[in-house]
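Everything numeric here is computed off the predicted structure, so don't read it as measured data. The analysis underlying the following values was restricted to heavy atoms, covering all of them including side chains, and did not include hydrogens, waters or symmetry mates. Positions are given from 1 along the sequence.
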Amino acid sequence: MRSIAAATISLFALGALARPAPNQDKGVCLDNAAANKVANNFKALISAYTDEAAQEVLCTDVHDYSDSVITLIDSGCPSGAPAGSPLPFVPLGSATFDSLAAFEAGQGGQPNVTFNILNVWHSCEEVIVRWRSPQPNPYAGAPGSEPDAPSTSAEEPVTGIVVLETAFNGWNSAQPFLIDTVYSEFNSGAWLYDLGVYNPANCTANGKRSLHARMPAYFLNKH
Ligand SMILES: *[C@@H]1O[C@H](CO)[C@@H](O)[C@H](O)[C@H]1NC(C)=O
Ligand SMILES: *[C@@H]1O[C@H](CO)[C@@H](O)[C@H](O)[C@H]1NC(C)=O
């Protein structure tokens, strides 16, 4: 949940229309069809991005929180952007995007990525989506993406979960529920591998890591 201070600042800065009233105030809740529409709206922002789509489905003061995305932005660096990075460093734990304009500037520069919805759940005002991208890096030069690569299977799939808080926008609207806040986490380790940033040591076809030395005790206790 967003802090009251942040919400208050947004209202003063952008006006009440920027953030429609929470759903409870209107006595309405998401139904299955509306939740699926919100889930597919989010999918479109990742897999078929346009500024027009972002403006249609996001609140103007949308906030996006994702340490997974920040880890990609920072290429896993703990402090300071890596040399040559086109993007400024973002500290873990901060908002990834704090407005529609920031979302457009960030997401607009990204390639479209295959985004398969695996599950959709919803509460009155939140939509929860579990997703998978079988080939998250479309750039040539990434593992599995070279023109002469035998198949794309060398690229590691990325699986994630996102919680979308919505704001009611009116049943007569083309978008009855706008995305107001995004909490998104996914396997950025696999994605950094696909980008060629992370090169795990000792990966061979037959090689096996010493799992017992690395697995948390609660896994080992199961057998
Ligand atoms: C992403 O897909 C949209 C919709 O098909 C398209 O308009 C846009 O140009 C694509 N973006 C990139 C970077 O290819
Ligand atoms: C890779 O293998 C070498 C030789 O067995 C070992 O010393 C090293 O610790 C391994 N590295 C990792 C990250 O597992």
Side-chain angles (χ1 to χ4, degrees), residues 1-22 37-82 84-113 115 125-129 131 133 136-139 158 160-169 173-175 177-188 191-192 195 197:
M1 296 293 163
R2 298 186 50 208
S3 74
I4 291 168
T8 304
I9 290 165
S10 297
L11 283 175
F12 280 118
L14 294 159
L17 287 178
R19 179 175 291 263
K37 188 172 174 69
V38 169
N40 280 285
N41 286 347
F42 185 77
K43 170 181 175 165
L45 295 179
I46 308 300
S47 63
Y49 178 85
T50 62
D51 284 346
E52 292 71 26
Q55 289 157 18
E56 190 183 346
V57 306
L58 300 174
C59 292
T60 53
D61 63 344
V62 63
H63 280 52
D64 184 311
Y65 297 91
S66 175
D67 274 7
S68 304
V69 171
I70 291 173
T71 293
L72 295 188
I73 290 172
D74 296 340
S75 290
C77 292
S79 59
S85 172
L87 301 170
F89 179 78
V90 183
L92 289 170
S94 58
T96 316
F97 305 112
D98 60 3
S99 70
L100 174 59
F103 189 93
E104 290 181 70
Q107 191 63 34
Q110 300 304 310
N112 291 316
V113 167
F115 186 98
E125 62 178 342
E126 288 92 17
V127 179
I128 302 105
V129 181
W131 59 270
S133 180
N137 182 21
Y139 286 125
V158 169
I161 295 175
V162 58
V163 179
L164 305 164
E165 286 186 348
T166 66
F168 185 57
N169 194 38
S173 166
Q175 299 297 338
F177 293 86
L178 301 177
I179 298 172
D180 166 284
T181 310
V182 178
Y183 300 100
S184 165
E185 300 299 347
F186 53 81
N187 185 355
S188 53
W191 205 315
L192 286 176
L195 290 167
V197 173

Flag, side chain of Ser133 to backbone of Phe115, donor-acceptor distance under 3.5 Å: no
Side chains of Leu58 and Leu45 in contact at under 4.5 Å (non-hydrogen atoms): yes
Backbone N/O of Pro82 and side chain of Ser85: donor-acceptor pair under 3.5 Å: no
Plane angle bin for Phe177 and Phe168 - parallel if under 30°, tilted between 30 and 60°, otherwise perpendicular: tilted
Exam field: side chain Asp74 to backbone Val90, donor-acceptor pair closer than 3.5 Å: yes
Point-to-point distance, once rounded to the nearest 0.5 Å, from OG of Ser79 to CZ of Phe89: 6.0 Å
Passing option when Pro136 is tested against Val158, Leu72, Ile46 for side chain to side chain contact (heavy atoms under 4.5 Å, CB included): Val158
Result of checking Val129, Val163, Val162 against Ser184 for side chain to side chain contact (heavy atoms under 4.5 Å, CB included): Val162
Sub-4.5 Å side-chain heavy-atom contact between Thr96 and Phe103: no
Point-to-point distance, once rounded to the nearest 0.5 Å, from CD of Glu165 to CD1 of Ile128: 10.0 Å
Approximate separation, where rounding is to 0.5 Å, of Lys43 NZ and Asn41 CG: 12.0 Å
Flag, side chain of Asp180 to backbone of Ala167, donor-acceptor distance under 3.5 Å: no
Step-by-step side-chain contact (heavy atoms from CB on, under 4.5 Å) determination, Val197 to Ser75: CA-CA 7 Å; Val197 173; Ser75 290; 4.1 Å; yes
Donor-acceptor pair, side chain of Glu185 and main chain of Ser68, under 3.5 angstrom: yes
Shortest non-hydrogen contact from Val62 toward Ile179: CG2-O, 3.8 Å
Trp191: ring pair (Phe, Tyr, Trp, His ring centres under 6.0 Å) partners, not counting sequence neighbours: Phe186
Distance-only side-chain donor-acceptor flag, Thr166 / Glu125, under 3.5 Å: no
Where Leu100 and Cys59 come nearest, the two heavy atoms and their spacing: CB-O, 3.9 Å
Pair listing, side-chain hydrogen bond (donor to acceptor under 3.5 Å, both in side chains) test, anchored in residues 50-59, at least two apart: Tyr49-Asp51, Gln55-Glu104, Glu56-Gln175
Rounded distance (nearest 0.5 Å) linking atom CG of Asp98 with atom OG1 of Thr181: 11.5 Å
Closest non-hydrogen atom pair between Pro91 and Ile70, with its separation: O-CD1, 3.5 Å
